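Values in this document were obtained by computation on a predicted structure and should not be read as measured data.
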Amino acid sequence: MSPPKGKSSQSEKAMAERSGQPGLGHYKILAEQFYEAVLLLKALSGLRDGFEGFPGSQNQSKERLRNFLRGLAYFCDSKKGGDTYTGIGLEETETQYIFWVTSNKYRPELADFLRDLLNRLKELKELKDAPEATKELLRRNLQEFCFTKSAKRISMYQTHLIKSVNDAQNILDQPRTQHDQELSSWISGLINNDGIDNVELCDSMFTASKENRMLRLLRSRAKFERSLQSSRGERNAFDEIRHYIGRLASHTRTHNQLCDDVEDPLIGEIIREPLVRQIEPLDQTAEPTYDIHTKLKGLLAGIKDGAERQQVKSRLDDLNRQCEIWEVISNQYSNFKPRAHAEVQILEHFYRNKLKFAIHDKYVGGSKPSCECCYLYFKHHPARMVLPKSSHKVFLNWSLPPVANPQSGDEFVQQRRTLSKMVNDLVNNAISQILDCSTAPCLRPDSLTDLSSTIASFRLMEPDGV
């Protein structure tokens, strides 16, 4: 792997010789360096320490609209895994608002579901002066509609919660303290709910998520169990219980937030005549190729300080002996299935078609925090987007969006500049991890809930998931 070269004619010539395509040399080399850096980071840890919090705004209208778009995307993301990750961008024209929606994998029913969801929220908004019983019935119907769409995800979370509770009870079979006895009794009650439907299940977990004293006991026990583990990064049964309480509770919390959001005058106006359009999936770009130039020590070329270069070289050799990083990277080249992620598709759709974001807020609502590559793409893109919340996880299936002409033109030049800055950040992150002798941080989830066993809490919701 080689870091980004300078702009000298000598560097350009060297890159052209490596690619074998002089007209495409610089871009091809950058693309290769990008995937090499992604693979190295993935082999080192797969993520960077620290979450980026929710993008905040001093403007209350923008803040509420961002929450609303995230809530819509959350219920559009109906299954566990990356395929159904959903992004939503809101366009404002002179006469109407348009919800642009897409997901990592094309889903033909996505626009219809979002349209139905918006119409149900619109109905709730229009009956704000109706009797409380009527409004409560509408809210319940909306909740059942959303939770039915997410039934497979909810069922999977419930199954994992039951297993985690049973595993924790095996540890607490002989409680040593009063706290252990209380905790054992409380977590047993979490799964003694045979026959309840998804709404009742998520509502009960929402109630449990507010029981701060028991959650503190749970977190304390999880921390104790982690202290007994020989390797960092393993989550125990108590971690998992907290996690799945949060995952199930987040369905109720997000539903409640959407119902509250429609009371906002701006959102009420936006959904008055909701128009939904789905973005067609972008063509897949060429997969990265493995060649003899893909070498870990190519990273050293960008380090000017001789002592630091030697230190990185020594540490790389150590890591390669301990973890066989070189072999891991070589094997991963055969597993690439790159695709443009949903939030990047939204960004490019607005940018290339010169669309206007609603209330001048260049924000894309996502159903989960963005990955590291999406975050860097937003950070360095000339559109000057609001940076998304990010888990900073590194995924191997990430792809740049294709350009009309892969050798010249404005799109090509713009993407090449963005890619160059992304490569610099990725390589610098890799060097920092190597110099810090970083091992994989404690495994943390990347979806949105109100609980976390591995990071500090945020005010409203925080990243959690599997």
Other residues, nucleotides, ligands: >12 heavy atoms within 6.0 Å of R417 CZ:
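Not more than 12 within 6.0 Å, no.
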Under 30°, 30 to 60°, or over 60°: which ring-plane class applies to H392 and Y375, parallel, tilted or perpendicular?
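It falls in the perpendicular class, over 60°.
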Parallel, tilted or perpendicular, as decided by the 30° and 60° cut-offs, for the rings of H341 and W398
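The rings of W398 and H341 stand perpendicular, inter-plane angle above 60°.
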Distance-only donor-acceptor check, side chains [X] and [Y], under 3.5 Å:
X    : Y    : value
N236 : D239 : yes
Y85  : E343 : yes
E372 : S390 : no

For a 4.5 angstrom cut-off between non-hydrogen side-chain atoms, does [X] reach [Y]?
X    : Y    : result
Q414 : P382 : yes
H251 : M205 : no
T252 : F147 : yes
F395 : C371 : yes

Listed by chain and number, what are the ring-ring contact (aromatic ring centres under 6.0 Å, His included) partners of Y106, not counting sequence neighbours?
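In terms of ring-ring contact (aromatic ring centres under 6.0 Å, His included), with neighbours along the sequence ignored, Y106 is linked to no residue.
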Under the side-chain contact (heavy atoms from CB on, under 4.5 Å) criterion, do R277 and L275 qualify, and how do the steps go?
CA-CA 7 Å; R277 292 177 180 170; L275 181 60; 3.9 Å; yes
Under the ring-ring contact (aromatic ring centres under 6.0 Å, His included) rule, what pairs show up with a residue in residues 113-138, not counting sequence neighbours?
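Qualifying pairs: F113-F145.
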Kindly determine whether Y363 and F357 satisfy ring-ring contact (aromatic ring centres under 6.0 Å, His included), including the steps that lead there.
CA-CA 8 Å; Y363 178 74; F357 282 92; 8.9 Å; no
